[in-house]
Amino acid sequence: MDDIRNLTGTHIDILREMGNIGAGNAATALSMLLNKKIEMAVSRVQIATFAEMMELIGGPEQVVACVYLRVEGEAPGNMFFVLPPDQAEKFVRRMTGDGSFSFQGEAHELGRSALQELGNILAGSYLSALADFTRLNLHPSVPALAIDMIGAVLSFGLLELSRVGDCAILIDTAIYDDRRPNESINGHFFLLPDPESFSIIFRALGVEG
């Protein structure tokens, strides 16, 4: 699979199913962490160029909270979990119990740690689902957190990969407390396997790239 845009409907269906399983795993982990019932849903899986990724979030100058991880193992790549600042603040408030938390001014370390933990849980859950499907050895690096314009965040994270491709798998994710289903926390999960990793992943799934 030389080009991510060559993915077929079958590939997308497989990725959507892995996304749903990963979301279920993440919901279980978050429920244990927060000591309350948390649900997660995958509303959309699609292929997006880097430019489309930025536009989906509101343009390259849109400020976001982003957790970035490197996927290591037999099918390496990169992961980004991106939240608008108001959604990130909402999550931190629920996770820490600090109803006054804000990224305006100096964000305290507890809030940053909470977001990094969210990214760690999500990445670990999605990678666990992918590893279960493929039987490949995959694991995330330590997550890094940035609060900046999405153009700057993605450009920094993708600097070394700019020569090998320009597309990503987008998984839209909603996180919500089952007692307040209308107050979901909505974010974008971007999965960018290295080009050679696509063939490895789909060959492991028995699907030709």
Side-chain angles (χ1 to χ4, degrees), residues 1-8 10-26 29 42 44-54 56-57 64-83 115-146 148 150-173 187-209:
M1 173 129 354
D2 297 323
D3 191 332
I4 187 173
R5 285 164 291 193
N6 292 334
L7 294 185
T8 66
T10 299
H11 294 131
I12 295 295
D13 287 343
I14 291 170
L15 293 171
R16 181 178 292 108
E17 180 62 18
M18 288 189 296
N20 286 328
I21 292 174
N25 293 343
V42 171
R44 176 174 58 172
V45 177
Q46 71 177 75
I47 305 304
T49 66
F50 295 162
E52 289 168 340
M53 288 163 59
M54 293 186 198
L56 285 166
I57 296 166
V64 298
C66 177
V67 179
Y68 164 76
L69 308 100
R70 176 69 182 165
V71 179
E72 300 170 341
E74 295 178 285
N78 295 274
M79 285 183 166
F80 296 86
F81 184 65
V82 178
L83 287 165
L115 279 181
Q116 285 181 301
E117 184 60 18
L118 171 62
N120 208 29
I121 288 172
L122 285 171
S125 297
Y126 281 117
L127 283 183
S128 176
L130 183 58
D132 287 345
F133 267 75
T134 60
R135 305 295 182 185
L136 295 172
N137 177 26
L138 303 169
H139 54 276
S141 68
V142 175
L145 174 66
D148 203 341
I150 185 63
V153 171
L154 292 180
S155 295
F156 175 78
L158 299 173
L159 188 60
E160 295 182 0
L161 296 178
S162 60
R163 66 185 185 279
V164 295
D166 66 349
C167 287
I169 297 166
L170 165 65
I171 303 174
D172 283 343
T173 302
H188 303 283
F189 188 85
F190 297 116
L191 173 61
L192 294 86
D194 292 356
E196 64 274 13
S197 295
F198 279 102
S199 293
I200 294 170
I201 289 169
F202 287 112
R203 190 161 52 243
L205 292 167
V207 179
E208 290 300 322

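The figures that follow rest on heavy atoms only: side chains count, while hydrogens, waters and symmetry mates do not.
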Once side-chain hydrogen bond (donor to acceptor under 3.5 Å, both in side chains) is applied, do any residues pair with Gln46, and if so which ones, sequence neighbours excluded?
Arg44

Is the shortest heavy-atom distance from the side chain of Leu127 to the side chain of Met79 under 4.5 Å?
yes

By salt bridge (Lys or Arg N to Asp or Glu O under 4.0 Å) - contacts of Asp13 (at least two apart):
Arg16

Starting at CG of Leu145, measure out to CG of Leu115 and round the result to the nearest 0.5 Å.
5.5 Å

Gap between atom NE2 of His139 and atom CG of Leu69 - 0.5 Å precision:
11.5 Å

All heavy atoms of Gly19 vs all of Val42, minimum pair found to be O-CG2, 3.5 Å

Excluding sequence neighbours, so at least two apart, what forms ring-ring contact (aromatic ring centres under 6.0 Å, His included) with Tyr126?
Phe189

Nearest atoms (heavy-atom pairs only) where Gly22 meets Ser125
O-CB, 3.2 Å

Work out which heavy atom in Glu74 is nearest to a heavy atom in Arg135; give both atom names and the distance.
OE1-O, 4.3 Å

Supply the atom-to-atom distance Asp194 CG to Arg70 CZ, rounded to the nearest 0.5 angstrom.
4.0 Å

Could you state the interatomic distance from CD1 (Ile200) to CG (Leu138), rounded to the nearest 0.5 Å?
9.5 Å

Closest contact, heavy atoms only, Ser197 versus Pro76
OG-O, 2.7 Å

Smallest heavy-atom separation, Glu72 atom then Ser141 atom, equals OE2-CB, 4.0 Å

Partner of Leu192 under side-chain contact (heavy atoms from CB on, under 4.5 Å), chosen from Ile169, Asn78, Val71
Asn78

With sequence neighbours excluded, residues passing side chain to side chain contact (heavy atoms under 4.5 Å, CB included) with Glu52:
Ala48, Thr49

Can you tell me how far CD1 of Ile171 sits from CZ of Phe81, rounded to the nearest 0.5 angstrom?
10.5 Å

Asp148: salt bridge (Lys or Arg N to Asp or Glu O under 4.0 Å) partners, not counting sequence neighbours:
none

Does any non-hydrogen side-chain atom of Phe190 lie less than 4.5 Å from one of Ile57?
yes

Closest heavy-atom pair and its distance - Pro143, Asn120
CD-OD1, 3.7 Å

Set of side chain to side chain contact (heavy atoms under 4.5 Å, CB included) partners for Thr134, sequence neighbours left out:
Leu130, Leu136, Ile201, Ala204, Leu205

How far does CG of Leu118 sit from CG of Leu83, to the nearest 0.5 angstrom?
6.5 Å

